[in-house]
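Take a look at the structure below.
In what follows, every heavy atom counts, from backbone to side chain, and hydrogens, waters and symmetry copies are set aside. Order of the sequence lines fixes the chain letters, A, B, ..., with proteins taken first and strands second; residue numbering starts at 1 for each chain.
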2 protein chains.
Amino acid sequence: MHPYEDIRATILERINNQTWPAGSTLPHEEQLAKEFDVARGTIRRALSSLVEAGLIERRRKAGTRVVDRRSHMSTLNIPIIRHEIESSGAQYGYKLLSSDIHSPEKDETGFFKTASLKHVLALHLKDGRPFQLEDRLINLTAIPKARDESFKTISPNEWLVAQVPYSSIRTYLRAELASALDVTHLKITTGRPVFIVERQTTLKTVPLTRVRLSHDAAQYQVVTETADVT
Amino acid sequence: MHPYEDIRATILERINNQTWPAGSTLPHEEQLAKEFDVARGTIRRALSSLVEAGLIERRRKAGTRVVDRRSHMSTLNIPIIRHEIESSGAQYGYKLLSSDIHSPEKDETGFFKTASLKHVLALHLKDGRPFQLEDRLINLTAIPKARDESFKTISPNEWLVAQVPYSSIRTYLRAELASALDVTHLKITTGRPVFIVERQTTLKTVPLTRVRLSHDAAQYQVVTETADVT
DNA sequence: AAGTGGTCTAGACCACCGC
DNA sequence: CGGTGGTCTAGACCACTTG
C-alpha cells in the first residue's frame, strides 16, 4: 500500500535470503531511490525503520551495513502493578507497612550519594493475597513533596509516576531466595524463590528513587516481545 | 543545534512542567510549525521521537495527546551468551550434553503444533565453570538443516541466530527453584534459585524453536535501561 | 577531499475517524 | 463532512568520517 512499507519488506527479504548477507553493505540511498523509483526521503523512511528494528546500521561515509544479529532486542514493559492486576480481572488491594525518614547510610548500593531519604515498605495484593512487596527509597532533596505524603492510600510507585518526571530508568531483573521480609509479607515459605525487579530512577544525573519489587516466583513472570518485522 | 532536538526538548519540558499535563491535547502540527518557525516536517520529526519514547500518542483528527505515564518502557537486550562472557573478559566454554530427535509430544506447552522436533541440551561455561544451561527444541519441519547439525562445536543458540531468519520472539523471564537437570549440570545445590530466560521464536506464525536458558541466580541478572529522553 | 547519511524546506495529496 | 495526522516529492545544504 504505502511505498515505504513495500520497500522495507523487499529489503528485509533480501537480508533474509542472503542477497545482502550479514556484514555486507547496501546501496546508497540515491541508488535505492532510483531502483524503487521513489524520492530519497521514502528510502530513508524504510531504512530508518530497519535501523530501529536493529537489523541494519548506518554511518556517514561508511554506508549502510547489515547487522550481524548477535542478540535479540525487545521492548520490556513493566506496568504499575495495580493496572496489571486490574487488567487481569482480579481485585487490587494496597497496604502501607512502614514509612520512615533515614539518613543516606541506608543506601547500601551507593545509588544516592548524599540525600535525606524516605524509606517506604508497602504491599500490593491481588484478590486479597499478597502479590508484590515494594521496598522503596526516595530522595527527599530532589522530591521534597514526598516528605508530606503518607502513602497510606496511594502506593509510592503510583504516586511517583504521576508526580515526578524522570529521564532514565535502569532496571535489574533477578532471582533470589525469599528474604525474611519477603517470607513475612508475601506469605511464602522460607526457601522459596522470589522474582525481583529493581529500578533506579534518575532525572538528569540526579538519583530520584530506588525500588525493590519482590514477587512469589510461582505467581509472577515478565513477558516481552520483539516488534514483528515483516 | 538541530532544530528538531531543541523543539523536542521544549515540548518535553512543557510536558514535565505540566504546561501540557497528562491527557491534554497539544496544538496541531501547523500551529507548532508556526510557533517554532520551522517546516511542518521538522515538527513531525520531534513529535515522532516523543511517540517512540512513549510520552505522547497521536491519532488522526483526534490530535496529539500527552500519555498518562502508567508504565516504564525499556529496551531489553539478551545477547548470545558467548559474546556476553567474552566481553566480560572471561573465557567461554561449550559442551554438548545430548541431542535427540523427538515427536511432538515432547512439547508440553503446545508451542509447536505438529512437527518433528530436535531436542538439544547444552552447557555454556564461564572460566571453566557452568554458567548457562540451554535446553532447546527445534522445529525440523521448518529448519531441516538442523537435522544434520551435531551441535558438538557450535551451540544451537549461535547456530540458529546465524542461519535462521525470524520475525518475532517472545521472551519470558522468571525465577524457579533449580530442577534436577539444573542441579546436575550447573553444579549448584538443591534448593537454590535459578533465573530462567525462555524464548519462543517464530517466522510468520511458524514456530521455529523454543529454548529454556537457566542460570545460577547468584551469578546472573538482566539489566535494561530506558532511552534517556532529554 | 569526497562520499555518505542527516536535516530541513515548502509544497501536495491522502486516509482515517471523530463529530 | 472536515480536520487531523500520515505519506511523499524534489530539491538544498550540512556534517561526519573514512580512505
May I ask you to check whether over 12 heavy atoms, not counting those of Asp37(A), lie within 6.0 Å of atom CG?
-> no
Reckon Arg40(B) touches a base, only the sugar-phosphate, or nothing at all at heavy-atom distances under 4.0 Å?
-> base
For Arg59(B) and dG18(C), is the shortest distance between a side-chain N/O and OP1 or OP2 below 4.0 Å?
-> yes
Integer-rounded Å distance: dG3(C) C1' and Lys61(A) NZ | 4 Å
Can a salt bridge be assigned to the pair Arg82(A) and Glu86(A) using a cut-off of 4.0 Å between side-chain N and carboxylate O?
-> yes
DNA chain D: 5'-proximal contact among Ala62(A) and Gly41(A) (nearest heavy atom) | Gly41(A)
Identify the 5'-most and 3'-most nucleotides of DNA chain D with at least one atom closer than 4.0 Å to a non-hydrogen atom of chain A.
-> dT7(D) to dT18(D)
Cationic N near anionic O, under 4.0 Å, Glu198(B) to Arg170(B) = no
Going by an N to O cut-off under 4.0 Å, is there a salt bridge joining Arg60(B) and Glu29(B)?
-> no
Residue mapping more 5' on DNA chain D - nearest nucleotide basis, Arg60(B) or Met1(B) | Arg60(B)
For Arg136(B) and Thr209(B), does a side-chain donor sit closer than 3.5 Å to a side-chain acceptor?
-> yes
What residues 42-54 of chain A contributes to the DNA chain C interface at heavy-atom separation below 4.0 Å is Arg44(A)
Any ring pair (Phe, Tyr, Trp, His ring centres under 6.0 Å) involving residues 135-165 of chain A? Give me the pairs, sequence neighbours left out, ordered by first then second residue.
-> Phe151(A)-Trp159(A)
Could you check Glu30(A) against His2(B) and say which one's nearest nucleotide on DNA chain C is further toward the 5' end?
-> Glu30(A)
Aromatic ring proximity, centroids under 6.0 angstrom, Phe131(A) and His124(A) = no
Less than 6.0 Å separating the ring centroids of Tyr166(B) and His72(A)?
-> yes
Please report, rounded to the nearest Å, how far the P atom of dG5(C) is from the CZ atom of Arg58(A).
-> 5 Å
Spacing of Glu57(A) atom CD relative to dG5(C) atom P, expressed in whole Å = 14 Å
Give a yes or no on whether a salt bridge exists between Lys34(A) and Glu30(A), defined as a side-chain N under 4.0 angstrom from a carboxylate O.
-> no
